[in-house]
Amino acid sequence: MSPTNEFESTAPYYGPYRPGVPEQAARLLAQRANGKPDRILLDLGSGTGQVPLALAEQVTQIDVVERDKGMITEAGRALASLPVTVRLHNVAAEDFAPPTSTWEADLVTVCRAFHWMDQPLVLSRLDACTAPDATIAVMGDGSLWNAKEAWSQDLRSLIQKYLGTERRAGKDKTFKAHNRPYREVLADSPFSQVEEHDIAIAREWTPDRVVGYLWSTSFAGRELFGDRLDDFERHARALLAEHAADGVLTEHAVFQVVLGRRG
């Protein structure tokens, strides 16, 4: 599968402006990584490496899989100083191949990226390269596109005014949602013993951080606006400033962790 351009030009904004993994989720995943002297983390659709950064103290080897060249370059920089073995794989999740014939992942994570993947194919291939007691963790919390706060809904309406009502997915595509719950997807896979954990979180944004976040997305990346970029940014900042209380915009979200293990 060849790389696509949903996140072309967004990589420099991804690490600084995307929310990280909540501490409670990191602790939950750390429990699944314990118990072995040599623990391998496989992170699919890694972006700039936020999950490996959150779990680096719990594992001894990290394999990062990311199809976007800009993203994996940023991930390499972010992970370069970790005192563990880090391998970078610039391929789609569907095309990942283990680095050796004896390699087996103990923990596989997919954060805010499973909706881009051929889910049954990825899970089938993981069955062949994971330890017998491995855990698959599919995580996410949506995006500001579907957040329920008044300020985020007004911001989405503004984006739609410039880019059209359908959610964009890069330059030439629209977003196609996966409507099937991840618990059902995992239940129909080799990793059919499923747990769900919903973690309520409240985030505080500033207008600057929201704008940087938009530039990191496939639905509002800078290149999508063409010669209307400056005009959009001016209107977005005015809208956000109007909604902000003492310069802060609050988002209430649920970070969901769906865990699968073999039955």
Side chain of [X], backbone of [Y]: donor and acceptor closer than 3.5 Å?
| X | Y | value |
| --- | --- | --- |
| E66 | G47 | yes |
| E94 | D118 | yes |
| D141 | A253 | no |
| D106 | A134 | no |
| S46 | D43 | no |
| T73 | K69 | yes |
| Q58 | A30 | no |
| H235 | D231 | yes |
| T130 | A105 | no |
| R18 | Q50 | no |

Below 4.5 Å, heavy atoms only, C-beta onward: do [X] and [Y] meet side chain to side chain?
| X | Y | result |
| --- | --- | --- |
| W215 | P12 | no |
| Y162 | L229 | no |
| F255 | V257 | yes |
| L186 | V258 | yes |
| R125 | D95 | yes |
| R39 | L107 | no |
| R167 | S143 | yes |
| R222 | T10 | no |

Is the distance between the ring centroids of W103 and F96 less than 6.0 Å?
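They qualify: ring centres under 6.0 Å apart.
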Taking the ring of F114 and the ring of Y182, is the distance between their centroids below 6.0 Å?
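Yes, ring centres under 6.0 Å apart.
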We want to know whether D38 and Q61 form a side-chain donor-acceptor pair, criterion being a heavy-atom distance below 3.5 angstrom.
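Yes, side-chain donor-acceptor contact under 3.5 Å.
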Working to the nearest 0.5 Å, report the span between CD of E204 and OG1 of T206.
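Between atom CD of E204 and atom OG1 of T206 there are 10.5 Å.
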Hey, could you give me the OG1/CG distance between T48 and L79, rounded to the nearest 0.5 Å?
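Taking OG1 in T48 and CG in L79, the distance rounds to 8.5 Å.
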Just wondering, more than 12 heavy atoms not from [X] lying within 6.0 Å of its [atom1]?
| X | atom1 | value |
| --- | --- | --- |
| Q153 | CD | yes |
| E196 | CD | yes |
| E57 | CD | no |

[X], [Y]: one ILVMFWY side-chain cluster at the under-4.5 Å cut-off?
| X | Y | answer |
| --- | --- | --- |
| V51 | V86 | yes |
| I136 | M139 | no |
| V64 | V59 | yes |

Could you check whether [X] pairs with [Y] (Lys NZ or Arg NE/NH1/NH2 to Asp/Glu carboxylate O, under 4.0 Å)?
| X | Y | answer |
| --- | --- | --- |
| R87 | D63 | yes |
| D133 | R262 | no |
| R32 | E195 | yes |

Set out, in order, the CA-CA distance, both residues' side-chain angles and the distance that settles side chain to side chain contact (heavy atoms under 4.5 Å, CB included) for T250 and H252, then state yes or no.
CA-CA 7 Å; T250 302; H252 296 278; 3.7 Å; yes
List the steps and the verdict of salt bridge (charged side-chain N to carboxylate O under 4.0 Å, His left out) for R180 and D188.
CA-CA 12 Å; R180 194 179 186 204; D188 283 344; 2.2 Å; yes
Check E242, H243, R237 against L239 for a side chain to side chain contact (heavy atoms under 4.5 Å, CB included) and give me the one that passes.
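The side chain to side chain contact (heavy atoms under 4.5 Å, CB included) with L239 is passed solely by H243 among E242, H243, R237.
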Looking at I62, L42, V84, which hits side chain to side chain contact (heavy atoms under 4.5 Å, CB included) with P52?
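Result: among I62, L42, V84, I62 is the only option passing the side chain to side chain contact (heavy atoms under 4.5 Å, CB included) with P52.
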What heavy-atom pair brings [X] and [Y] nearest, and what distance separates the two atoms?
| X | Y | value |
| --- | --- | --- |
| C129 | P98 | CB-CG, 3.6 Å |
| L44 | V122 | CD1-CG1, 3.8 Å |
| E251 | A147 | OE2-CB, 4.2 Å |
| A54 | V21 | CB-CB, 4.3 Å |

Assess the residue pair L88 and V65 against the criterion (side chain to side chain contact (heavy atoms under 4.5 Å, CB included)); give the C-alpha distance rounded to whole Å, side-chain angles, the decisive distance to 0.1 Å, and a yes or no.
CA-CA 6 Å; L88 305 177; V65 176; over 6 Å; no
